[in-house]
Amino acid sequence: MINQEVADLLYEMADILELKGVEWKPRAYRKAAQGIENLSEDLYAIYKKQGRKGLQNIPGVGEAIAKHIEEYLLKGKVKKFEQLKKSVPKGLSNLMEITSLGAKKTFVLYKKLGIRNLSDLKEAIKRHKIAKLAGFGIKSEQNISRGLEIFKKGQERTLLSDALPIAERIIFKLKKLKEIRRVSFAGSLRRMKETIGDVDVLVTSSKPKQVMDFFTRLAEVKRVVAKGTTKSTVILRNGMQCDVRVLKDEEYGAALQYFTGSKEHNIKLRELAIKKGYKLSEYGLFKGKKRIACRTEDEIYKKLGLQIMAPELRTNTGELEAAKKGKLPHLIELKDIKGDLQMHSKYSDGVDTIAKMAEEAAKLGYDYIAITDHSKTRAIAHGLDEKRLRKQWKEIDALNKKLKSQNKERRIRILKGSEVDILADGTLDYSDKILRKLEVVIAAVHSGYKSSKRKMTDRICKALENKYVHILAHPTGRIINRRPAYELDLNAVFEVAKEKKKILEVDAFPDRLDLKDTHVRAAIEKGIKISIDTDAHSYTHLPYMVYGVAQARRGWAEKKDVVNCLSLKELLRVLRR
DNA sequence: GCCGTTTTCGGCCCGACTGTTTTCAGTCG
């Protein structure tokens, strides 16, 4: 994507300018980069339609940066940026990623000790050269050394589904302390981001010291990084960082708002407060010295003339502008979900019987599920050939008959489905004769992940042309922390999906969460419907729906955008179309 | 470099903690 290329270039320039001690420009470059990342339209398209003026309409892009973008679009590079890159060693800005090293210190290390990269830094630490520098000391050197170790381990982010239970356990323990009034997690965890950098916990108490002593001595804590009366940071035994803030109970609303973020959202919100003659901090919304709002988050948003908004929306990607106009979406909720359209049984690579899956799904209050075992080519997952598929149909028919005679509360309908492989040439793993008999056909790519963008795009688009395909499963194929998305022109896929009225999946499995939030938003803007499915391989996976719903919420999805919010009757009508 | 319901010039989010200094700069979220 050209947009990401340009944004990355601007971020890189911001880093270099910051290293050189240039004021304000880095901030401007980063803002422009963010503005570009948030676009749903292609930079080329904007430039073609409206020229440089169009580029200047992008938030954060002014005359100068618009010229640079124009140059990049036309020539593939920017002369000024090339010169800037040459002025510092390549990779020096990477050192800023290390905790406790920022632009200033990194540049001092470069100027005084000639440190240009990670190995130079390691060598300097070994010889204790850093501790001798003015403004540094033994502690600084130790902190940099630790930061370097953590950096080398890689900054793999923790899955939401892994972080949430740990955070809940810590909160459970804190709740038992009588000095604590209220406690909540905040940060990216509360925003339900797909991965979590660190766990943020907010506590209200009038005895902050006791709280901090208790917290830093928890069994989960491996090392204390910082400890103050209002703010402490520790490293947990599993390697995650955990920050705790202690505030007064009456500051809870302002504190929760502040500590939930995102950072970008907060900055924008504070700017908005200033424009209205207020000041916003974690201690409240102030007019002069007078605190005018702080008890609840809603109070703060309302005072600023905004609609109240769910944490999932707080990313500074247009939610504040929408809130001002009263145009925030009515986000889908877990209770709106009426069924789950992708799951596996013992027939292929699932561990439970169809009956068990149906029974557990009924307990979740669903009206229907689709059993979508793998097709024959997925031999490794015991994919079903036509014969076994027919056998499965018989079993489903028998189960449905039995379920129909049961009491109404527990009645659930099992739909005959399949997760059909999209073969390398874009044809499907079953003949049309079989496909037309399936009630839910989910097409999926499970091979050739390394093929070219063109080839993968053609392959998927061709599969979507098949009139029996209903849903495209996990459209980008990524697995978080393990496998990147395959090369794919998602816009082209969206176009076909829109034209052929195909449904795109939000796979709720915690390491997939595919489509991503930004993709969901783009798809919905085009009027494409989505389906939030767990891809469960065991009945214990069925509750993963909550992660898929969170993902869709971050993509501004409403109930009307999601096909498995439809009643069984309505859903069948859509599928048969 | 960007931006304007205080401004076309002069601002640019706000506060906590640490380490190295003796009053504060750098870093972080």
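Here the structure is a predicted model, which is why all the values come from computation and not from measurement. The chains referred to below are lettered A, B, ... by the order of the sequence lines, with proteins before strands, and numbering in each begins at 1.
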Practice task
For A/Thr233, answer base if it contacts any base atom (sugar-phosphate contacts may also be present), sugar-phosphate if it contacts only those atoms, and nothing otherwise; contact means non-hydrogen atoms under 4.0 Å.
Solution key: nothing
Handout entry: OP1 or OP2 of B/dG29 under 4.0 Å from side-chain N/O of A/Lys263
Key = no
Practice task
Determine the interatomic distance between P on B/dC17 and the same-named atom on B/dC9; round to the nearest Å.
Solution key: 42 Å
Problem - Nearest-Å distance once atom C1' is located in both B/dT8 and B/dC14 - result: 27 Å
Exercise for the section: With a 3.5 angstrom cut-off on both distances, give the Watson-Crick or G-U wobble partner of B/dG15, or none if there isn't one. Expected result: B/dC28
Problem - Between B/dT21 and B/dG26 - P atom distance, rounded Å - result: 13 Å
Problem - Donor on one side chain, acceptor on other, A/Asn143 and A/Ser100, under 3.5 Å - result: no
Exercise for the section: Find the distance A/Asp200:CG to B/dA16:P and express it as a whole number of Å. Expected result: 17 Å
Handout entry: Closest-nucleotide 5' rank along DNA chain B - winner of A/Ile65 and A/Asn266
Key = A/Ile65
Problem - N or O in side chain of A/Ser140 less than 4.0 angstrom from B/dT20 OP1/OP2 - result: yes
Fill in the blank from the handout: Testing B/dC17, B/dG29, B/dC14 for proximity to the side chain of A/Thr230, the answer is B/dC17
Exercise for the section: State which of B/dA16, B/dC13, B/dC2 makes the closest approach to the side chain of A/Ala64. Expected result: B/dC2
Completion exercise
Assign each of A/Gly228 and A/Leu101 the nucleotide of DNA chain B bearing its closest heavy atom; nearer the 5' end lies the nucleotide of A/Gly228
Practice task
Would you classify A/Lys227 as touching base, sugar-phosphate or nothing, given that sugar-phosphate means primed atoms plus P, OP1 and OP2, and contacts are heavy atoms under 4.0 Å?
Solution key: sugar-phosphate
Handout entry: Donor + acceptor pair across side chains of A/Tyr301, A/Gln257 (<3.5 Å)
Key = yes
Fill in the blank from the handout: In whole angstroms, the gap separating C1' of B/dT6 from OH of A/Tyr278 amounts to 15 Å
Problem - Side chain of A/Lys104 - closest among B/dT27, B/dT6, B/dG15 - result: B/dT27
Practice task
Ignoring the backbone of A/Tyr258, work out which of B/dG29, B/dC17, B/dG19 is nearest its side chain.
Solution key: B/dG29
Problem - Working for side chain to side chain contact (heavy atoms under 4.5 Å, CB included), residues A/Ile332 and A/Arg553 - result: CA-CA 6 Å; A/Ile332 179 183; A/Arg553 284 166 65 87; 4.0 Å; yes
Fill in the blank from the handout: Whole-Å distance, A/Arg245 CZ to B/dA16 C1', equals 6 Å
Practice task
Kindly point out which of B/dT27, B/dC12, B/dC28 is positioned nearest to the side chain of A/Glu271?
Solution key: B/dC12
Problem - Residue pair A/Asp8 / A/Gln4, side-chain donor-acceptor N/O under 3.5 Å - result: yes
Exercise for the section: May I ask you to say what A/Ile98 touches in the nucleic acid, namely base, sugar-phosphate or nothing, with a heavy-atom cut-off under 4.0 Å? Expected result: sugar-phosphate
Completion exercise
Taken to the nearest whole Å, CZ/A/Arg291 to C1'/B/dG15 is 15 Å
Practice task
Measure the distance from CG on A/Asn57 to P on B/dC2 and round it to the nearest whole Å.
Solution key: 13 Å
Exercise for the section: Have a look at A/Gln142 and say if it touches a base, only the backbone sugar-phosphate, or nothing, with a 4.0 Å heavy-atom cut-off. Expected result: nothing
Exercise for the section: Report yes or no: do A/Tyr29 and A/Glu18 form a side-chain donor-acceptor pair below 3.5 Å? Expected result: no
Exercise for the section: Decide whether A/Asn3 and A/Glu5 meet the rule of one side-chain donor and one side-chain acceptor closer than 3.5 Å. Expected result: no
Practice task
Calculate the interatomic distance between A/Leu17 atom CG and B/dC12 atom C1'; express it in whole Å.
Solution key: 16 Å
Problem - A/Arg190 side chain to A/Thr260 side chain, donor-acceptor N/O pair below 3.5 angstrom - result: yes
Handout entry: Nearest-nucleotide pick for A/Ala226, side chain only, options being B/dC17, B/dT20, B/dC13
Key = B/dC17
Exercise for the section: Select base, sugar-phosphate, or nothing to describe what A/Ala134 touches, counting heavy atoms under 4.0 Å on all strands. Expected result: nothing
Practice task
Under 4.0 Å between any heavy atoms, over every strand shown, what does A/Lys279 touch: base, sugar-phosphate, or nothing? Just pick one.
Solution key: sugar-phosphate
Problem - B/dC2 base stacked by A/Trp24 (centroids within less than 5.5 Å, tilt under 30°) - result: no
Practice task
Taking only the side-chain nitrogens and oxygens of A/Arg27, find out if one of them lies under 4.0 Å from OP1 or OP2 of B/dC13.
Solution key: yes
Practice task
Quick one: label A/Ile138 by what it contacts on the DNA or RNA (base, sugar-phosphate, nothing), any heavy atom closer than 4.0 Å.
Solution key: sugar-phosphate
Exercise for the section: Using the C1' atom as the reference point in each nucleotide, state the distance between B/dT20 and B/dA25 in Å, no decimals. Expected result: 9 Å
Practice task
For A/Ser232, report the nucleic acid contact type (base, sugar-phosphate, nothing); a contact means any heavy atom under 4.0 Å.
Solution key: nothing
Handout entry: Whole-angstrom distance between B/dT18 and B/dC13, as gauged at atom P
Key = 25 Å
Problem - Span that lies between the P atom of B/dT6 and that of B/dC12, in whole angstrom - result: 15 Å
Handout entry: Residues A/Asp213, A/Lys227: salt bridge by 4.0 Å N-O rule
Key = yes
Practice task
Please work out if A/Tyr283 contacts a base, only the sugar-phosphate, or nothing of the nucleic acid, heavy-atom cut-off 4.0 Å.
Solution key: sugar-phosphate
Practice task
Kindly point out which of B/dC28, B/dG19, B/dC13 is positioned nearest to the side chain of A/Thr99?
Solution key: B/dC28
Exercise for the section: Would you indicate what A/Glu23 reaches in the nucleic acid, counting non-hydrogen atoms under 4.0 angstrom: base, sugar-phosphate, or nothing? Expected result: nothing
